[in-house]
Amino acid sequence: MKIPLSVEAVENKHKEYLSIWANEKNTMLPSPILPYFYSKDKLNISAKESRVEGIRLSNYQKANFYKYEFQTRKQLVSTRDDLERRFGKGKVFEANIPFVLRNRIDNPDIYTEYPNTNQLKFNYLDIEQYCPPERLFPISEDRITSISFAGNNRKIRTLYLKKDSLGDKKLLEAYSKVYTKPDIEVLYNKSYDIPMILQRCKLNGIETSWMSKDGSRPYVGGKSGVHLEGEMVYDILDSTRGDQSLTGNVPTKGLKVVSNYFGFKSKAKVLVGSEIAAAVGSPELVAYNKEDVERLFHLFDIYWAGIAYTAEDLRIPLNMAVDLNVTDLGLIVLGDLFREHNIIADGDNSSRFPEIFLRKKKPGEPNYQGAVVYIEQRGLFKPVLKADYSSMYPSIVAAFSLSPDTTTLLRYDRYQKNGFRIEEDKDTFTYFIPDNALRKNVVLQVVKKPGFLSETVDRFLKERAKYKAEYKKTGSKIARARSDIAKVKANGGIYGVMGAAHHPFGFAPIAVATTGIGRECAKLLINVLDTLYPKSVIEVDTDGVYFTAEEYNKERIIHYFNDALKKKFKKDLNLTIDIDDYPAGYFHKAKNYILLTKEGNVILHGAAMKASSKDGISKKLIQDLARAKLEGKSTDSIVLRYKNLQDFQLSDFAMQVTLGRRIHEYKSINCIPVNIAMQAQKAFNIKPQVGNVHHYVKTIYGYQLFQLAKKDDLDLKYYSKKIDKIVKMFELEYELTAPIGSFIGKESESWEQEEDTKIVEKKAPMRLDDFL
DNA sequence: GCTATCAGGCTACCT
DNA sequence: ACAGGTAGCCTGATAGCG
């Protein structure tokens, strides 16, 4: 690798160091830079002061700044927070950039100087644990019954308990003796295996320092869930959770389901539930445990290449690449560009564009208008076509030369619902973008020259196209990984960050322009389809239009589309569309529909169809009804089968909920996630942690944690209502409705509010045609 | 005490 | 703390009814 295994910022004796692990050795590098922030005003604080010249992100003009440097991050943070308390936010700039990243941005090759050139040492790990019959899942009081692990040669070893042995002390000691101290622990769900091993060691009075490279004691906590000095954890669940190609194709993201989806062929007996406890000491449990490690190999080979590539591409250590979020990605990609152009981010979006971000807003109201989303027709359609733009937002940024050095927000004009227009003079384009969230026409000027951001996005898109073509041709996983990272960089790393309220490198005018032009692009595609195939449009979401037409001609659509594009935007744009077809589709609401693929698979879309929170009966019923509907079969017998709830087991009634935030952050303490998390804490001492998933059922006493509920107490009325609702969901037949989506609704409403001079008679709902 | 309606909160999903 | 957007289900407040 060209990059190190891991880097962390460490404070020692009031100085900042970078603790770098590479080739199994640690380097404590005194940080080449000090933690710092900028200010426009001279500040009376204790920090090293200097003057620097830079270009203000807010107006792209040269300006002088004060730079304040601190000995430690802690000093910076306390000074920053103190200034914010006294003067409010927006006093200091670039004051919240993680220090390891700050180092990478200011000195892009800092980490490539510590490459891990040796072959990385992996340990693939999976454990099994005893669980008494009265519980659904083991807790730390239960013994570990089997540990399977493998190194780079992928020969799996298993240490396991005999059937009648009740303690796992010897097992853990045996494992500690053969433990290899790898560079990277590969496992599935980092919050389980290693924390459980550590807890079991603790309860058995076993020292845990054998797990780390420098003899320090591992601890649970932090971003990676568990800290092992000199090692990093790669949790494949993080990769599968982020893999969009899985949504809709797998019911859950568990190891078995996902590896099966990717073609893993199981040879062992897959144990479920209480079978795992019953099989202690048996060859079945060993085989089962071993096979999970084989599943780890299978998924590792799918995802690891992408992470390794990301790390090298961005010149960051592997431990940063495994849990890279879009914020940090934006810091790196934009940070590199800002450094090259000597730009200082003078505040974040909310302080630089208060008209957008600090308006009076109801909770949940957006900062600016987003995409076109609505459903035009509901029911069953044969066939179903989908025309969609490839990488619409990044393509717009590239094609319209949107970049901080080319784009200026001139002013906000009075809102006009159809007010999108373009003015052109010798050197500039001016875009008038109606925004129904701002209730203003946003007037943006774009200079006719290549911008640094748009050029970079263009490069990402070309990169992506190249790797995508290579991947499609050769099936190369590396090519797929490269294609994916190029896409993420172009999409989230640029567009998402541009619109983020508090990201230091955001630039709202680009976000407003991107979605505004995106809406015009969507409408243009809708118009083309409606002209060629009148009344064909079914559903629209952002950059894709579902439509239906018996006879259709792809070439014709693309030809008309290109013509319309040229006419509308008065120049050649590199915007392309793809067209996919499906034999049938059933559309329920916006973003909620089902499709039949040519291969005969049923794909569910949207929360109404496939929310993971649904109970098993509902899920099965939807699956069955969906297939029947799309294949044109009668649904009567299916409905009858589900009417008799007595035929189902308690577990079929269980619903799922995730704790989305920390308990004290909830405004409503009576909501289900909190209620269930508290029950789990009370009954099983499970600490409420963000991301915890619990199963629960509705009983006549209210919502109950699944493990505490009895079948006789189930609120069957509640479940029959749910079933009736699902059956109704599939009863629409070619029902033509007025546009339902809020896109149209909101537009007309805000228009009426704007015209407050006269009372307008209540009009019929607007049709899409009126709007276009 | 029951039902209906509405707003706000929350999760899950889509692009 | 990447964005906006749709949907479904929940709770609590309120009003109307007998």
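Chain naming here is simple, since letters A, B, ... match the order of the sequence lines and numbering starts at 1 in each.
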Quiz item: Which of these, A:Lys589, A:Lys591, A:Lys386, sits in a salt bridge (charged side-chain N to carboxylate O under 4.0 Å, His left out) with A:Asp541?
Solution: A:Lys591
Exercise. Tell me which nucleotide among C:dG5, B:dT15, B:dG9 gets nearest to the side chain of A:Tyr546.
Key: B:dT15
Self-check item: Secondary structure string for DNA chain C (Watson-Crick or G-U under 3.5 angstrom, | for other-strand pairs)
Solution: ..|||||||||||||||.
Quiz item: Within the structure shown, what part of the strands sits under 4.0 Å from A:Tyr368 by heavy-atom distance: base, sugar-phosphate, or nothing?
Solution: sugar-phosphate
Practice problem: When you get a sec, tell me which of B:dT15, B:dA12, B:dC10 is the closest nucleotide to the side chain of A:Cys671? | Solution: B:dC10
Practice problem: Test A:Tyr593 against every option in A:Phe587, A:Phe730, A:Phe381 by the ring pair (Phe, Tyr, Trp, His ring centres under 6.0 Å) rule and name the one that passes. | Solution: A:Phe587
Quiz item: What's the verdict on ring-ring contact (aromatic ring centres under 6.0 Å, His included) for A:Phe37 and A:Phe93, showing C-alpha distance, side-chain angles and the deciding distance?
Solution: CA-CA 6 Å; A:Phe37 56 56; A:Phe93 310 139; 9.2 Å; no
Quiz item: When the distance from NZ of A:Lys589 to P of B:dC14 is rounded to whole Å, what number comes out?
Solution: 16 Å
Practice problem: Pick base, sugar-phosphate or nothing for A:Gly606, based on heavy-atom distances below 4.0 Å to the nucleic acid. | Solution: sugar-phosphate
Quiz item: Just checking A:Lys667: base, sugar-phosphate only, or nothing, at a heavy-atom cut-off of under 4.0 Å?
Solution: sugar-phosphate
Quiz item: Which nucleotide, C:dC10, C:dA7, B:dC10, lies nearest any side-chain atom of A:Asn592?
Solution: C:dA7
Quiz item: Quick check: are there more than 12 heavy atoms from other residues, nucleotides or ligands sitting under 6.0 Å from CG of A:Asp81?
Solution: yes
Practice problem: Please check if any side-chain donor atom of A:Asp435 sits under 3.5 Å from a side-chain acceptor atom of A:Tyr415, or the reverse. | Solution: no
Practice problem: Describe the nucleic acid contact of A:Tyr389 in one word from base, sugar-phosphate, nothing, applying a heavy-atom distance below 4.0 Å. | Solution: nothing
Practice problem: Between B:dC14, C:dT6, B:dT11, spot the one nearest the side chain of A:His605, thanks. | Solution: B:dC14
Quiz prompt | Sugar-phosphate, base or nothing in reach of A:His502, heavy atoms under 4.0 Å | solution = base
Practice problem: Examine C:dG8: is either OP1 or OP2 under 4.0 Å from a nitrogen or oxygen in the side chain of A:His588? Give yes or no. | Solution: yes
Quiz item: Among side-chain atoms of A:Ser390 and A:Thr576, is any donor-acceptor pair under 3.5 angstrom?
Solution: yes
